[in-house]
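Order of appearance sets the numbers: ligands from 1, and atoms from 1 within every ligand. The model shown is predicted, which means the values in this text are computed figures rather than measured ones. Basis for what follows: all heavy atoms, side chains included, without hydrogens, waters or symmetry-related copies.
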Amino acid sequence: MVVTNSVLIAPSLLSADFSRLGEQIKACETGGADWIHCDIMDGHFVPNLTFGQFIVAAAKKVTNLPLDVHLMIEHADQYIPEFIKAGADVVTVHQEAVYHLHRSVSLIRSLGARPGVSVNPGTPVSSLEEILPFVDLVLIMSVNPGFGGQQFIHTIPQKIQKLRQMADKLNPGLLIEVDGGITPETIGSVTNAGANVLVAGSAVFKYENPGEGISLLRKGISG
Ligand code: DX5
Ligand code: ZN
């Protein structure tokens with residue numbers, strides 16, 4: 001996977017206009033997005049439903065950008081092969097939603113995708129100590145998962161700092177992704193704390209041209 005920017009922006013399709021999904025993904029690509037974030041919700045682990053592997057496969061047809069699949073679902077092992085077959089490059093499971101985290105992460109890697117693990121706002125990063133050497137990415141939720149457009153939880157930068165310190169010892173190449181309430185106003189606080197992949201839904205797709213939202217986020221990083 002070619003990484004061009006040191007801080008990666010991953011627009012979340014959750015806030016896209018699904019009646020013209022292909023066009024919106026293309027506009028993200030030309031507007032400077034690094035990854036495309038796909039939020040998969042099952043109505044059990046989170047109180048909302050979104051889409052499955054067919055939409056991921058449709059996205060794959062229109063972009064060469066890595067597809068970053070965030071599984072907010074129970075029984076993830078049952079679906080991981082389908083998502084990877086559909087074109088997922090990064091697959092992230094929730095620490096709170098799988099029983100055998102190491103098994104899920106190993107399954108993702110064995111099928112050729114990069115594994116990630118996500119934690120909800122109430123889950124401490126100390127719970128990730130044992131899994132850290134086995135993942136490429138940790139996704140820190142900065143809102144309670146389920147919906148776009150929620151407010152950023154202000155204690156998250158401290159949590160990111162803690163994780164960065166742990167990663168320096170256990171997995172120095174770890175990508176730290178942050179998801180929820182990322183705007184030009186909040187983005188600097190998480191990149192300063194050590195995050196390097198930023199998911200943004202409403203802050204990107206509220207603009208007719210998503211590229212505008214992406215540029216404003218990049219400006220927010222540099223202050
Ligand atoms: C929330 C999802 C996020 C969401 C972010 O459960 O995981 O990816 O789309 O949306 P914003 O950026 O609007 O908070
Ligand atoms: Zn997400």
_Using ring-ring contact (aromatic ring centres under 6.0 Å, His included), reason through H44 and H75 one step at a time and then give a plain yes or no._
CA-CA 10 Å; H44 294 276; H75 308 296; 8.3 Å; no

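Distance check: D89 CG to R114 CZ gives 9.5 Å after rounding to the nearest 0.5 Å.
If you check the side chains of S127 and Q95, you find a donor sitting under 3.5 Å from an acceptor. The closest side-chain donor-acceptor pair between S12 and D39 falls under 3.5 angstrom.
With ligand atoms numbered from 1 in the order given, ligand 1 contributes 2 (C), 3 (C), 4 (C), 7 (O), 8 (O), 9 (O) to contacts under 4.0 Å with heavy atoms of D39. Residue-ligand proximity, S202 to ligand 1, at heavy-atom distances under 4.0 Å covers atoms 11 (P), 12 (O), 13 (O). Contact atoms of ligand 1 toward H70: 7 (O) (distance under 4.0 Å to a heavy atom of the residue). Those atoms of ligand 1 with a heavy atom of M72 less than 4.0 angstrom away are 6 (O), 7 (O). The contact set between ligand 1 and A200, taken as ligand atoms under 4.0 Å from a residue heavy atom, comprises 12 (O). Atoms of ligand 1 lying under 4.0 Å from at least one heavy atom of D179, given by number and element, are 2 (C), 3 (C), 4 (C), 5 (C), 7 (O), 8 (O). Atom numbering of ligand 1 starts at 1 in the shown order; those under 4.0 Å from a heavy atom of F147 are 1 (C), 6 (O). Applying the 4.0 Å criterion to heavy atoms of G148 picks out, from ligand 1, the atoms 10 (O), 13 (O).
Considering all non-hydrogen atoms of both residues, L65 and D34 come closest at CD2-O, 3.5 Å. Scanning all heavy atoms of the two residues, the minimum distance from P145 to M72 falls at CB-SD, 3.6 Å.
D39 contributes OD1 as its N, O or S atom closest to the Zn ion (ligand 2). The nearest N/O/S atom of H70 to the Zn ion (ligand 2) is ND1. No other N/O/S atom of D179 lies as close to the Zn ion (ligand 2) as OD2 does.
Proximity of S12 to ligand 1, defined as any heavy-atom pair under 4.0 Å, is confined to the side chain (atoms from C-beta onward).
Among D179, L128, V93, L139, the single residue meeting the side-chain contact (heavy atoms from CB on, under 4.5 Å) criterion with S118 is L139.
Of the polar atoms of I182, none of the N or O atoms is found under 3.5 Å from an N or O of ligand 1, judged by distance alone. For the pair A203 and ligand 1, the shortest N or O to N or O distance does not fall below 3.5 Å. Of the N or O atoms in M41, none lie within a sub-3.5 Å distance of an N or O in ligand 1.
Ion pairing of E29 with K26 is present here, as a side-chain N (NZ or NE/NH1/NH2) and a carboxylate O approach within less than 4.0 Å.
Between F134 and H102, the two ring planes are perpendicular [angle over 60°; tilted spans 30° to 60°].
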